[in-house]
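Comments concern the structure below.
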Amino acid sequence: MKKEAIFNNNQQCKTRIMAIKDTMEILSGKWKFHILGTLTLGDKLRFMDLMREVDGIGSKMLSQELQDLEMNHLISRTVLNTKPVTVEYQITDFGKTLVPIIDEIAKWGIEYRNFVYDKNK
């Protein structure tokens with residue numbers, strides 16, 4: 001007897017799926033978690049500090065990702081009145097709500113690396 005898939009079409013399920021979709025859209029991409037993870041470890045970082053910390057990212061991509069994160073209220077951008085102009089980025093209070101998720105992703109990544117490394121011995 002073949003079992004058919006049951007799809008839950010109630011409002012709670014639809015709301016949950018929409019929330020997951022929104023979250024994945026906001027945090028998708030190769031660099032966003034790396035940028036957020038870096039900003040959670042520092043207080044305020046300048047653009048070039050982030051360029052050095054986020055290994056492999058180009059300035060155009062970093063600029064674009066920072067704009068996306070700022071637009072979604074996860075980081076704030078402060079332009080200082082200096083010559084030349086200095087810009088600092090920091091994680092917002094709302095962005096800090098992602099810290100437990102980022103910590104869990106890091107924890108899982110460490111466990112995964114250990115698992116793969118031990119398996120390949």
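Between the CD atom in Gln90 and the OG1 atom in Thr78 there is a gap of 6.5 Å [rounded to 0.5 Å]. One distance of note links CG of Leu39 with CD of Glu88; it measures 11.0 Å at 0.5 Å rounding. Considering CD of Glu53 and CG of Leu41, their distance stands at 8.5 Å, rounded to 0.5 Å. Once rounded to the nearest 0.5 Å, the distance linking CD1 of Ile91 with CG of Leu69 reads 8.5 Å. If you take CD1 on Ile75 and CD on Glu65, they are separated by 10.0 Å, rounding to the nearest 0.5 Å. Considering OG1 of Thr38 and CG of Asp49, their distance stands at 11.0 Å, rounded to 0.5 Å.
At a threshold of 4.5 Å between non-hydrogen side-chain atoms, the residues Lys96 and Asp93 count as touching. Using a 4.5 Å heavy-atom cutoff, the side chains of Arg77 and Leu66 are not in contact. No side-chain heavy atom of Met71 sits less than 4.5 Å from a side-chain heavy atom of Gln67.
Taking the six-membered ring for Trp and thresholds of 30 and 60 degrees, Tyr112 and Phe115 have ring planes inclined between 30 and 60 degrees apart.
Transitive grouping of hydrophobic side chains (ILVMFWY, heavy atoms separated by less than 4.5 Å) brings Val87 and Met48 into a common cluster. Under the 4.5 Å side-chain heavy-atom criterion for grouping Ile, Leu, Val, Met, Phe, Trp and Tyr, Leu45 is connected to Val79 within one hydrophobic cluster. Linking ILVMFWY residues whenever their side-chain heavy atoms come closer than 4.5 Å, directly or via other members, places Met51 and Val85 in the same cluster.
The minimum heavy-atom distance between His73 and Phe94, with the atom names listed, is O-CB, 4.0 Å. Heavy atoms only, all atoms of each residue included: His34 and Val54 are closest at NE2-CA, 3.7 Å. Listed here is the closest heavy atom pair of Asp68 and Lys32: OD2-NZ, 3.5 Å. Counting all heavy atoms, side chain and backbone alike, Phe33 lies closest to Ile101 at CE2-CG2, 4.5 Å. Smallest separation of non-hydrogen atoms from Gly95 and Thr92: N-OG1, 2.9 Å.
Applying the 6.0 Å contact sphere to CG of Asp55 captures no more than 12 heavy atoms from other residues, nucleotides or ligands. Within 6.0 Å of CD on Gln12 lie no more than 12 heavy atoms contributed by other residues, nucleotides or ligands.
In this structure, Thr23 contributes its side chain and Ala19 its backbone to a donor-acceptor pair below 3.5 Å.
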